[in-house]
Every structure is written in structure tokens, then in C-alpha cells.
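Input: a single structure, listed below in C-alpha cells.
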Amino acid sequence: MKDDMAKQLMTRIAKGDKTAFAELYRAYEAPLYRFITSKLRDPFEANDVLHDVFMEVWRAAAKFEGRSAVKTWLFGIAYRKVMDRFRKSARTELTDEPPEEVDEQDGFCDLAQAQEAGHVRFCIETLKAAHRMVIELVFYQEMTCREVAETVDIPEGTVKTRLFHAKKLLMHCISGRMQGQFV
């Protein structure tokens, strides 16, 4: 869904338009559910969080100022709801790594196209939660580094650093799997 159309829906939702809410729900339900499920690994809990996300959208639609894309705003809500679940069950560390030098070259797309999806998914699952989150938002949800930074409320430089390290780790893991070192 184009962002200007989504912003129009948000304006209508803010006025209590249930039809606009249903349209926004249909447009974003599947990608948000995949995102939430990939983090929680429990479809029932993911459904609960998805419901919470859309309840938040209904309640807070009037607060949406349009400074970011609707998609970014929605994924930000989903991210915060998932992190709340993690905090409640103490399932992850929520610390940031110190910024390091960032390589702006993007070799992941070529690598992902050249490797089998199973190897890529396996290697993504081996990443720390912070690195996995950035990879999934950038490459599966097609967000820019700026959008990811807004979504998870961290500096854009931190997103780039995490992306750089995650790509290095992925390339090492995938090359090892392709050479038969890891099964």
C-alpha cells in the first residue's frame, strides 16, 4: 500500500471510520504477523500481539502526525509490543552495542540470491536478536536504515553498524554451510 493512501486511512481512522480501519488491517496484517511471529516464535502469542498492535492503532490514530511512513509507525508499535513481551518474560538482552566503523557496501542481496533460502534462514536465526531484527526489517520488510531507526527508536548509525556486523556474520555462516562446515 502506498504511504499517501495509508496516511489517508489513518486520518479516517482518527475520525472513527471502521471501514478505513478494516482496510488498513487487511493491508498490514500479514507482514506484521510475520514480523511478530519471527520474533516470538509462538503463533498464539503473535496473534495476541498483533491484536494489541491494531488496538493501539485504533486508540492512537489521532496521534499519528505523518512525520514517518505509516508502515514505519505500525512496525514501531509492533516492535515495542514484542519488546514488552520479551521484558515480561526476560527472554532477551536489550542492550545496544558500541558504534563501530560501518561498511556502506551492500553485498547481502547478491549473497542472498546466490544461496539457498534454507541456509540463509538458518544463519539469520543464529544472529543475536538485535542483528536479526535489523536484517529482517531491511531485507524482508524493505525498510530503509532511517525507517528502521525510527521503528526501533535507535540512532541510524546504530542500525548501520548492526547491519554491517549482521551481514559479516551471515556471510561467514553461509559460506561455512556451503562448504559443509556447518550442518
Side-chain angles (χ1 to χ4, degrees), residues 6 10 21 24-25 27-61 63-65 67-100 102 108 112 117-174 177 182:
M10 288 301 298
F21 180 74
L24 187 81
Y25 185 92
Y28 290 102
E29 172 191 20
L32 283 168
Y33 179 76
R34 279 191 305 274
F35 173 72
I36 295 165
T37 303
S38 74
K39 306 293 157 255
L40 298 177
R41 303 181 200 292
D42 178 346
F44 297 108
E45 191 174 10
N47 273 325
D48 288 345
V49 171
L50 181 67
H51 175 75
D52 292 347
V53 167
F54 279 103
M55 291 306 298
E56 179 82 14
V57 169
W58 181 255
R59 285 190 298 265
K63 296 177 185 174
F64 177 73
E65 298 173 353
R67 291 185 297 196
S68 65
V70 172
K71 178 180 178 179
T72 304
W73 187 68
L74 292 171
F75 275 85
I77 293 171
Y79 172 79
R80 287 185 293 283
K81 298 283 185 193
V82 167
M83 290 298 108
D84 287 346
R85 293 284 172 126
F86 284 152
R87 284 184 200 105
K88 286 178 185 172
S89 64
R91 288 198 286 187
T92 189
E93 293 180 15
L94 298 174
T95 59
D96 286 336
E97 296 176 2
E100 296 179 22
V102 176
F108 179 79
H119 290 307
V120 174
R121 179 47 64 192
F122 173 85
C123 291
I124 287 173
E125 294 300 321
T126 66
L127 296 173
K128 291 183 355 183
H131 289 131
R132 188 172 54 247
M133 179 83 63
V134 170
I135 287 290
E136 290 177 350
L137 288 173
V138 169
F139 294 104
Y140 291 108
Q141 300 304 325
E142 300 177 355
M143 290 186 179
T144 65
C145 288
R146 191 178 121 258
E147 290 173 328
V148 173
E150 291 173 12
T151 298
V152 298
D153 197 27
I154 58 176
E156 188 174 346
T158 303
V159 172
K160 290 178 180 178
T161 299
R162 288 180 183 174
L163 188 59
F164 170 75
H165 289 292
K167 289 189 305 186
K168 273 179 74 172
L169 291 167
L170 282 173
M171 291 189 324
H172 176 73
C173 177
I174 291 169
R177 286 182 61 83
F182 307 108

Inset, instruction - Please list, chain by chain and in numerical order, all residues satisfying ring-ring contact (aromatic ring centres under 6.0 Å, His included) with Y33, sequence neighbours excluded. - result: none
Inset, instruction - Applying ring-ring contact (aromatic ring centres under 6.0 Å, His included), name anything that partners Y28, two or more places apart in sequence or on another chain. - result: none
Legend entry - R67, CZ atom: more than 12 neighbouring heavy atoms under 6.0 Å: no
[X]: which residues meet the side-chain contact (heavy atoms from CB on, under 4.5 Å) condition with it, sequence neighbours left out?
| X | result |
| --- | --- |
| V152 | Y79, M133, L137, V148, I154 |
| S38 | E136 |
| R34 | A30, P31 |

Quick one: [atom1] on [X] to [atom2] on [Y], what's the gap to the nearest 0.5 Å?
| X | Y | atom1 | atom2 | value |
| --- | --- | --- | --- | --- |
| D48 | K81 | CG | NZ | 12.0 Å |
| K167 | M171 | NZ | CE | 7.5 Å |
| L127 | E125 | CG | CD | 8.5 Å |
| T158 | K160 | OG1 | NZ | 11.0 Å |
| T37 | F35 | OG1 | CZ | 10.5 Å |
| I77 | M55 | CD1 | CE | 12.0 Å |

Give a yes or no on whether a salt bridge exists between [X] and [Y], defined as a side-chain N under 4.0 angstrom from a carboxylate O.
| X | Y | value |
| --- | --- | --- |
| K71 | E150 | no |
| R87 | D84 | yes |
| D52 | R85 | yes |

Within-4.5 Å side-chain heavy-atom neighbours: [X] and [Y]:
| X | Y | answer |
| --- | --- | --- |
| Y140 | I124 | yes |
| F139 | L163 | yes |
| L40 | F86 | yes |
| L32 | V49 | no |

Legend entry - P155 versus A149, closest heavy-atom pair with distance: C-CB, 4.0 Å
Inset, instruction - Kindly give the heavy-atom pair with the smallest separation between I135 and A166, and that separation in Å. - result: CG1-CB, 3.5 Å
Legend entry - Side-chain donor/acceptor of E147 to backbone N/O of T144, under 3.5 Å: yes
Inset, instruction - Give a yes or no answer on whether the side chain of R162 reaches the backbone of H131 with a donor-acceptor pair at less than 3.5 Å. - result: no
Legend entry - disulfide (SG to SG under 2.5 Å) partners of residues 120-152, not counting sequence neighbours, each pair once: C123-C173
Legend entry - Mutual orientation of the aromatic rings belonging to Y25 and F54 [parallel < 30°, tilted 30-60°, perpendicular > 60°]: tilted
